[in-house]
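This report refers to the structure that appears directly beneath it.
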Amino acid sequence: MGLPEGFRWGVATAAYQIEGAATEDGRGPSIWDTFSATPGRTRDGRTGEVACDHYHRWPEDVDLMAGLGIDTYRFSLSWTRVRPTGGGAANPKGLDFYDRLVDALLDRGIAPAATLYHWDLPQPLEDEGGWLNRDTAFRFAEFAYLAAERLADRVELWMTLNEPVVTTAYGYGFGVYAPGRALLLDAMPTAHNQLLAHGAAVTALRSRGVRTIGIANHYSPARPADPDSAADRAAAGAFDIFMNRLYTEPLLTGRYPDLSALGGEKLDIRDEDLAIIASPIDFLGVNYYQPTGVTAPAEGNPLPFDLAELSGHPVTGMGWPIVPDAFLELLRSLKERYGDRLPPLYITENGCSFPDEPGPDGAVDDASRIAYLDAHIAAMRTAVDEGVDVRGYYTWSLLDNFEWSEGYGPRFGLVHVDYATQQRTPKKSYAWYRDLIAASHG
Ligand code: BGC
């Protein structure tokens with residue numbers, strides 16, 4: 001059968017991970033500026049202050065994209081460039097940056113795909129409770145409106161939030177990502193407030209004429225550590241609700257899954273909220289990297305699961321198991337779970353890190369990345385052959401970049417970045433992806 005007519009190939013990035021220029025042209029501080037500047041929070045104390053200096057080098061980066069022959073580029077807007085304090089008036093210079101980028105992409109035949117929130121909450125909003133504060137949802141919808149006011153005439157695809165589950169778990173639950181709060185199940189209100197933000201932003205975008213709206217969710221199939229253990233299977237079920245269903249089911253069905261083991265009573269759900277959250281969307285973004293091993297919680301763990309290592313698989317540079325079958329399983333499960341309610345899918349992120357460095361000849365031979373991408377794209381093709389409606393695929397990432405609390409250690413790019421000189425060197429996977437796209441276009 002093959003991929004559908006018009007299938008789109010792309011690459012993805014995020015503002016804080018590549019832009020740098022942290023204080024330029026009126027950009028305000030976000031929680032990642034604060035968090036990464038706090039000693040001990042990121043590997044070697046690294047921050048996104050300079051990152052890939054994409055704010056200045058974007059023409060070169062657009063050239064690299066054009067060289068790949070991609071159809072679409074997924075990037076995120078820095079909320080604090082557009083609205084430096086989170087509320088209040090827009091910052092025209094911040095919007096100008098995205099305006100220029102969007103025009104340059106269109107000139108090269110690349111469809112812009114904008115994510116409104118990739119984890120860089122304005123610090124002043126965090127000071128008022130951040131995602132624990134319901135009002136943040138409405139500040140976000142206003143930001144969505146301002147961004148669309150400027151860009152909706154040229155940006156076709158819009159995503160509200162990137163991986164809200166990571167914000168809840170890592171940002172507010174365990175405190176390993178900004179804003180660094182370790183509240184365990186008391187982080188659960190951030191789930192509802194983010195879902196509400198998503199729904200309110202959908203309404204705001206629609207009011208500015210946006211037609212193609214989605215969300216980029218993180219999914220990770222749960223594997224019980226011991227499939228014969230009922231306790232491990234129950235734990236995997238609880239993990240599955242948290243990771244794979246919490247941010248999808250309310251959107252597509254207007255109902256929460258059973259959150260009784262996950263502190264569901266902590267959610268402040270008001271009258272119209274679920275209707276807002278379930279505002280129709282046009283696609284679902286799927287970010288997939290790896291499955292997760294799950295075991296029954298140890299004594300004293302307030303969560304209904306513990307994470308367990310998944311053995312028996314090759315791993316990436318970050319030790320993440322490489323299991324393309326789990327990607328296929330995930331795509332099948334979305335269709336099985338939601339049936340006709342499932343909108344078309346875009347794979348909004350998929351990729352891997354390896355410690356890639358140039359060899360003596362200057363080339364970066366990342367055969368392991370090629371193998372990872374090849375196997376995952378094959379899994380996606382199988383899902384499409386089985387009837388899953390996938391319209392596009394974005395690999396993470398165009399460039400090596402700031403990998404959050406891991407600093408500049410892991411390298412996820414098709415293009416190597418020497419952070420001392422900002423020199424970009426396309427890796428072998430860049431040529432491989434370019435050829436794959438060319439062959440697919442015929
Ligand atoms: C995030 C990216 C991140 C990637 C690799 C995804 O969860 O959206 O920002 O760099 O995973 O960790």
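Atoms within each ligand, like the ligands themselves, are counted from 1 in listed order. Here, residue 1 is the first one in the sequence, and each next residue gets the next number.
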query = Does Tyr117 have its ring centroid less than 6.0 Å away from the ring centroid of Trp131?
reply = yes
message = Could you check, using the six-membered ring where one of them is a Trp, whether Trp320 and Tyr289 have ring centers closer than 6.0 angstrom?
response = yes
message = Distance under 4.0 Å, heavy atoms only, partner ligand 1: which residues pass?
response = Gln17, His118, Trp119, Asn162, Glu163, Tyr289, Trp320, Glu349, Trp396, Glu403, Trp404, Phe412
task = Only counting residues at least two apart or in another chain, list the ones meeting salt bridge (charged side-chain N to carboxylate O under 4.0 Å, His left out) with Asp366.
result = Arg369
ask   = Just wondering, more than 12 heavy atoms not from Arg255 lying within 6.0 Å of its CZ?
value = no
query = Under the 3.5 angstrom rule, does the side chain of Thr348 hit a backbone N or O of Val286 as a donor-acceptor pair?
reply = yes
request  = Would you check if the side chain of Tyr433 reaches a backbone N or O of Gly10 as a donor-acceptor pair within less than 3.5 Å?
outcome  = yes
